[in-house]
A.B. asks: 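If you scroll down you'll find the structure; I have some questions about it.
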Number of protein chains: 2
Amino acid sequence: MKLLRYGTKMKDKSARGRPRQYDAKAALGAALLEFRRRGYTATSLDHLSEATKMARPSLYAAFGDKRAIYLRAVAQYVEDSVECRDSALFDEPSLAKALDRYFMTLVAIFSEGDDRPLGCPVLSVITGEAAADPVIGAELFTALGRTDARFRERIAAARDDTQLPPATDIDAVADMLAALQHSLAARARAGTARPELERIARSSIALILKAAGATALS
Amino acid sequence: MKLLRYGTKMKDKSARGRPRQYDAKAALGAALLEFRRRGYTATSLDHLSEATKMARPSLYAAFGDKRAIYLRAVAQYVEDSVECRDSALFDEPSLAKALDRYFMTLVAIFSEGDDRPLGCPVLSVITGEAAADPVIGAELFTALGRTDARFRERIAAARDDTQLPPATDIDAVADMLAALQHSLAARARAGTARPELERIARSSIALILKAAGATALS
DNA sequence: TGATTTTTAGACTAACTCGCATAAAAATGT
DNA sequence: ACATTTTTATGCGAGTTAGTCTAAAAATCA
């Protein structure tokens, strides 16, 4: 019912008044980069204000307080990267190739950073605060659940595809793939360079597929 | 040369003056608990002062600044837990049983906490700061390296034991075990309860051993 | 041009933080 | 008892931080 109005006058949302000088999407991207560089708590609103080139009151008006800024920045990151990652996982028929594409994409993201790898925008940033802040804790929990669900879907599809045995323990294999993802995030954050991360990813994928009894798909 | 004096007069170290009211070991334990609860940056010296029941100047005199307190607290944790963990890994001839004991011990540690699991004293606490603080980053890196080395030793021993094939890729198997450890830390920090962590650990160990081609040791 | 609306900029308060400086307290040695 | 030595307690000052309030700037509509 609330949506009815938007169909008719789409532009009214920003018709009058001084036009905003900032690009919300770019601002959230810059904010996330700052969070990844400094960590969640160590990032102040002044840092965010400088990184986004938005005045503090504008930040509040646009996104809310610091936690809301982080949550929206992550939501945008997920939205932007889910297409690429889902494509890697599900558009490739061969499970082995799909996993390789997926994890190479992941390593590329985790390896971003001028000085050293910045790691995962979720795992490497809010882990410290997850126990103290229930909202952050819930965000971390749901993020892990999202990844688990994706892996389970892909493994189930491979089993139906006869690439994996019918008796495959889907949860166990998915857990191992998730563990690889968590481990790559931790290692990247600790400073492990990209080639080493890729090596670890590839050998781990091979081991997991071997354990699952995968039959190569020509 | 500096050590010569200590042999003769051991008590001189705290002979005169007001005796200290605090127990350094207990204080570091309380400090680590506080770090695990709040996260590294969010923990202030006031929090540490209250938790350890030491005045701020006493904290400085005894351990140094906040980072030094954390590093010493972690060093003590490693020292205290390494005996138990090494015993689990190396005193048990069967690789499967050794890994089970090791990871059950680890899950017990990660599940500590009144309200929710506190996770790993290293991985779950300083991940956020590792990119900004080079000293913290180095600490994280060496901690990961320690774990890797332990797993490699144990896998090599099992291979020499004929529990694993001679051609076992030691690094690959060790990487997967480390990944399981990293993953359990992340999941615990996200709030996953202990039984679920134990289930994940057991099924993952089984899968890894299967991939490595382990032969059961009766 | 003038009124309206929205964003931006600067400043301000109250609370918190670190690190230290100063003084009191509690033990020992003579 | 008195001087010495070490630890503890209090509190201060410079710097940060979150969040808000007020006023100026920049656009549209009439």
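Computed over heavy atoms, backbone and side chain alike; hydrogens, waters and symmetry mates excluded. In the text below, chain A, chain B and the rest are named by the order of the sequence lines, each starting its count at 1.
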A.B. asks: What integer distance in Å separates A:D23:CG from C:dT8:P?
C.D. replies: 12 Å

A.B. asks: Distance check needed: D:dT17 C1' versus A:I69 CD1, whole Å only.
C.D. replies: 14 Å

A.B. asks: Mind checking A:Y22 for me? I need base, sugar-phosphate or nothing, with any heavy atom below 4.0 Å counting as a touch.
C.D. replies: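 Contact class for A:Y22: sugar-phosphate only.
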
A.B. asks: Measure the spacing between CG of A:L140 and OG1 of B:T192 and express it to the nearest 0.5 Å.
C.D. replies: 8.5 Å

A.B. asks: For DNA chain D, whose closest nucleotide is more 5', that of B:M54 or that of A:L45?
C.D. replies: B:M54

A.B. asks: Which listed nucleotide (C:dA9, C:dC18, D:dA18) is nearest to the side chain of B:K66?
C.D. replies: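 Output: C:dC18.
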
A.B. asks: Distance check needed: D:dG19 P versus A:D46 CG, whole Å only.
C.D. replies: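 Taking atom P of D:dG19 as the reference, CG of A:D46 is at 12 Å.
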
A.B. asks: Rounded to whole angstroms, how far apart are CZ on B:R56 and P on D:dT7?
C.D. replies: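 After rounding, the reported distance stands at 18 Å.
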
A.B. asks: Looking only at side-chain atoms of A:Q21, point me to the closest of C:dA9, C:dT17, C:dA21.
C.D. replies: C:dA9

A.B. asks: Would you indicate which nucleotide in D:dT8, D:dT17, C:dG19 comes nearest to any side-chain atom of A:H47?
C.D. replies: D:dT17

A.B. asks: Starting from C1' on D:dT7, measure out to CZ on B:F63 and report it in whole angstrom.
C.D. replies: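 Value for this atom pair: 13 Å.
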
A.B. asks: Taking the basic N atoms (NZ, or NE/NH1/NH2) and the acidic carboxylate oxygens, is any pair closer than 4.0 Å for A:R199 and B:D171?
C.D. replies: no

A.B. asks: Tell me: CZ of A:R20 to C1' of D:dA27, nearest whole Å?
C.D. replies: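 Answer to the nearest Å: 13 Å.
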
A.B. asks: Just checking B:Y77: does its OH atom have more than 12 heavy atoms from other residues, nucleotides or ligands closer to it than 6.0 angstrom?
C.D. replies: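 Yes, because the 6.0 Å sphere around OH of B:Y77 holds more than 12 heavy atoms from other groups.
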
A.B. asks: Rounded to whole Å, how long is the line connecting atom CG of B:L48 with atom P of C:dC18?
C.D. replies: 8 Å

A.B. asks: Closest to the A:S58 side chain: C:dT17, C:dT8, D:dT17?
C.D. replies: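 Nucleotide nearest to A:S58's side chain: C:dT8.
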
A.B. asks: For the pair made of CG in B:L59 and P in C:dC20, what is the distance, rounded to whole Å?
C.D. replies: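 It works out to 13 Å between those atoms.
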
A.B. asks: If you check the B:Y60 side chain, which of C:dT7, C:dC20, D:dA18 turns out closest?
C.D. replies: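 Among C:dT7, C:dC20, D:dA18, the one nearest the side chain of B:Y60 is C:dC20.
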
A.B. asks: Think B:K66 forms a cation-pi with B:Y40, using NZ or CZ under 6.0 Å from the six-ring centre and within 45 degrees of its axis?
C.D. replies: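 Ring-cation test returns yes.
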
A.B. asks: Can you tell me how the ring of A:F35 sits relative to the ring of A:Y70, calling it parallel under 30°, perpendicular over 60° and tilted otherwise?
C.D. replies: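 Plane angle over 60°, so perpendicular.
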
